[in-house]
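The next block holds one structure in the form of structure tokens; read it before the comments.
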Amino acid sequence: MSTATLNRPDGAPARSYPAYHQPLWRRALMTREFAVIALLLVVFLYSTVSIPNFDGPLTLYYLFLDIAPILLIALPMTMVMITGEIDLSVASVVGLSSVLVGVLHQDAGMSIPTAALVAIVVGAVCGAFNGFLVAYVGLPSLAVTIGTLALYRGIAVGLLGTTAVTDFPEKWTDLAKERIFGDGTSYPLILVPFLILLVLFVWLLHFSAFGRGVYEIGLNSEAAHFTGVNVELTKFWLFVMAGVVSAFAGVYYTLRYGSARGDNATGLELQVIAAVVLGGVSVFGGRGALHGVVAGAVLIGVISSAMRLEGQTVNLINIVIGALLVLSVISTSFLAWVSARLPARGRGRGASATPSNSAGTRPLNQ
Amino acid sequence: MAEASQLTLELEGVTKSFGSVAALTNGTLRVAAGSIHALVGENGAGKSTLVKVVAGVHRRDGGTFRFHGKDVDFHSTAESKSAGIAVIYQEPTLFPDLSVAENIFMGRQPLGRGRRIDRGRMYAESEALFQRLGVRLDPRRPARGLSIADQQVIEIAKAISLDASLLIMDEPTAALSGVEVDRLFAIARSLRDEGRALVFISHRFDEVFALCDTVTVMRDGAHVSTQTIAGTTVDDIVAQMVGREVAELFPKTPAPVGDVVLEVGGLSSAGVFHDVSFQVRAGEIVGLAGLVGAGRSEIARAVFGVDGYDAGSVRVLGREIPSRNPRAAIRAGMAFVPEDRRQQGLVTDGSVARNVAGVIRRGLTRAGILTSGAENRAAGPWAARLEVKTNALDMHASTMSGGNQQKVVIAKWLATEPKLLIIDEPTRGIDVGTKAEVHRLLSDLAGQGLAIVMISSELPEVLGMADRVLVVCEGRITAEIDRAEATPEAVMRAATRTQTHSGEQGDSEKTEVPA
């Protein structure tokens, strides 16, 4: 019985394993991601019921318009952070892309789509530069992207000075504020490209071999290397993606506000990282999921718009969101603690259902 | 000399177990003041554990431990240090960005007025120490960039400044050149003449015989003998080190040997290994034997492509494999179970299923989509074949025992259906039952035509399993021994190569230069 052998024919392996050691409800509900989703629902319901005007169509519409850049950039940022790296230069790429759209449209006479395309290519180059320094030169991403945060912002401001380009065709600025289901509804058109990118990133992170490699790099990059994961190339592409999506967000930002400025979206990188961390991504890498991150970004948006409707100041909103972020990090440890206490019962059941596995039973909380 | 009052260190029947593994069953060591005592034994004989008990890293489970005739019991390295015990490891751990003097006086810097660190006195005292040791080192320079020999000198200087009465040197000469060894020996002799006791751990018998007065042999965690150097020979010591029956434990059933699967030609990597050539055929288990640090693992890593190499070629089934490309090696049919299970072999915070399906997952993708379900279905049968003990496929590998983790790693690589399996330390740190399972499995796999390269520091394992043994010493293959002629003595002799230490070192440096 205890002989490991390959001689067994393909059928009838001696032992079979259940796929999961916990029932579905516990796997789904006892997670960091679900905690954020639940909190989002609670805050949303509370705001709808007790804050005047929160249930009006304009509230959600402006909420989505405002957080669209955060939602967009959070997608690649999640993957970058799961590998254990970070990209602080994303907001500067937004600014650079914004300036490029303005300058190329006004001074070079390019159409908006052409200018946007050039801006996105430049975003890819910015990301590739970050990725090259981090993945192939081996520099820490924190240092590299603090540097390029200043560098890309500097180029943006240098190109346009302190002036702004505001002369955009109405057709395009209106498009940025268009609604999906026509006038009076709550969902702006920017959600369509976001949802397309969301599907793409969910596939890439959760349903592809590439995504498995991303998690392995974050958990143990040496083991990933020994398993044949191309650690350098994976990181490189993630930074390129961050550059591309940030540049796209820059195009949207420009058209939405009808203004291309060098200081557009200053500080946005911290809001993106706050949403990603709130959504359950570990800053040490290896942990996190996109549904949590999306919920985290929306939660921040809901809290700020609800408080704004209540007439609170920006300072107070920042204090609440900051406190929430700290609490959420603490809650991860708390959830782990609860998880470690709970299994005593759950596992007892699991073990009796599959007696052949009792030998493998080991306490989870060591 | 052996009078009890003059003994600096007395260990008698010391035992130490880690979980179910007994690392020391009878650790006995008596070191007299003013002598240099050699401690020899195979890898895993318990020398390091014994040293760690003395140094206060581990606490003994039983036995007596006397230091200067008094019973002692150290709870930490700090306690053993303040009692006057210094341990100098093969690769010293200094703070690279601090100065030499700061490293020597770390944590006990001389203070001047206003509790400020008195750098002048620190430098002066360091200079005095180096003068006493007869070496020239600038106490002001940072430790970074110093040779290992110089780093050891700093450790010795630290020990002397602490007025240690017992110095233990754990394979101090492994990374030293001939001149540096001579300097170290001169220092060791002068310390002995000051009346200190020294313990010298080495695999090089020429050094043991040149330097030491007394030698203690250990095997399987137990004391075998203690003799004066004058009263023994190299052959005696080798026989005592390996004296144990090999035959029964490790059954390799003979298998028909097929075509050449792996062909390594002239593989070299500067300073790591030189001109390594060998072939492995289908159905054959080739053992790579040698001491820890001889370069066996490094050769395996270069062959698989996780490390690069400077010259040479690796061919699998006649096709050349590009350097530094594990993925190409995997595609060609190579599998590699690395030495360090937790760091390299698997992702301990990943699930069993994801670890087992880790290499084959690209092939599990359907219509571009990889699901956990597909991974579970693929991983289940492989985990079952290896009898991995786990509750469910989503359990993290970190919750499992070492033996089970090793099975997960082997399952992960067998799932790729390889032609060649390189397995580094297949049974390190796993229990006896699983060990036998792994051996039977390797034998089965060879019987089915897999070519296997097995690296092991356990001599009996190599001798029992391998059809051929390649002995690696200081980065070179020094002997190729067939199963019939493979005796522990023959392998140990090739692995320690007593005659060549200073002569060949020069040669190897000469051949390195053009490469």
Side-chain angles (χ1 to χ4, degrees), chain A residues 1-8 10-22 27 203-204 206-213 215-231 233 285-287 343 347 350-351 353-354 356-366, chain B residues 304 306 326-327 329-330 336 338 340 342-350 352-354 357-359 361-362 364-365 368-373 375-376 379-381 383-396 399-401 404 407 410 412 414 433-434 437-438 440-441 444-445 448:
Chain A
M1 188 61 205
S2 68
T3 311
T5 173
L6 288 182
N7 288 331
R8 214 170 280 123
D10 271 354
R15 187 196 277 266
S16 69
Y17 304 91
Y20 302 100
H21 72 286
Q22 291 179 329
R27 274 183 286 127
W203 168 68
L204 210 53
H206 296 299
F207 294 97
S208 80
F210 180 85
R212 299 290 192 268
Y215 281 99
E216 279 179 10
I217 291 170
L219 290 171
N220 182 345
S221 67
E222 194 179 0
H225 178 53
F226 273 77
T227 305
V229 175
N230 194 330
V231 177
L233 197 64
R287 273 177 199 84
R347 217 188 30 247
T354 51
S356 67
N357 294 330
S358 56
T361 306
R362 231 161 257 284
L364 272 171
N365 52 347
Q366 347 181 264
Chain B
F304 184 69
V306 290
R327 221 130 130 197
I330 293 167
F336 180 38
D340 185 341
R342 287 166 174 278
Q343 269 308 307
Q344 305 165 339
L346 41 68
V347 178
T348 47
D349 285 331
V352 172
R354 291 216 173 154
V359 193
R361 60 188 169 217
R362 261 159 226 285
L364 302 174
T365 309
I369 290 176
L370 175 67
T371 62
S372 297
E375 286 175 305
N376 290 339
R385 284 185 185 188
L386 285 149
E387 299 276 335
V388 174
K389 293 192 185 74
T390 181
N391 251 1
L393 292 173
D394 69 335
M395 295 294 285
H396 282 190
T399 62
M400 307 167 80
S401 68
N404 263 310
K407 286 179 175 183
I410 296 176
K412 149 176 152 176
L414 293 186
T434 312
E437 278 182 66
V438 170
R440 210 167 296 137
L441 175 75
D444 273 5
L445 289 168
Q448 288 166 39

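All values below come from the heavy atoms of this structure, side chains included, with hydrogens, waters and symmetry mates left out. Every chain is numbered from 1, with letters handed out A, B, ... down the list of sequences.
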- [ ] Working to the nearest 0.5 Å, report the span between CZ of B:R362 and OG of A:S208.
- [x] 8.0 Å
- [ ] Look at B:G368, B:G373, B:P338 and state which one has the largest set of heavy-atom pairs under 4.5 Å with chain A.
- [x] B:G368
Task: Minimum heavy-atom distance B:A383-A:Y17, with the two atoms named - done: O-OH, 3.2 Å
- [ ] Might you point out which heavy atoms bring B:I330 and A:T227 nearest each other, and give the distance in Å?
- [x] CD1-O, 3.6 Å
Open item on the list: Could you measure the distance from the CG atom of B:N391 to the OH atom of A:Y20? Nearest 0.5 Å is fine.
Closed with: 15.0 Å
Task: Heavy-atom pair of closest approach, residues B:A392 and A:H21 - done: CB-N, 3.4 Å
Open item on the list: Would you say that A:R287 contacts B:D349 through its side chain, given a criterion of any heavy-atom pair below 4.5 Å between the two side chains?
Closed with: yes
- [ ] Please flag which part of B:L346 lies under 4.5 Å from any non-hydrogen atom of chain A: side chain, backbone, both or neither.
- [x] backbone
Task: Structural part of B:S372 lying under 4.5 Å from a heavy atom of chain A - done: both
Task: Atom group of B:V388 that falls short of 4.5 Å from chain A, counting heavy atoms - done: both
- [ ] May I ask you to test the B:D394-A:R27 pair for a side-chain heavy-atom distance under 4.5 Å?
- [x] yes
Task: Shortest non-hydrogen contact from A:G228 toward B:P326 - done: CA-CB, 4.3 Å
TODO: Could you tell me which non-hydrogen atom of A:N220 sits nearest to which non-hydrogen atom of B:R342, and how far apart they are?
DONE: ND2-O, 3.3 Å
Task: Closest non-hydrogen atom pair between A:F226 and B:F304, with its separation - done: O-CE2, 3.7 Å
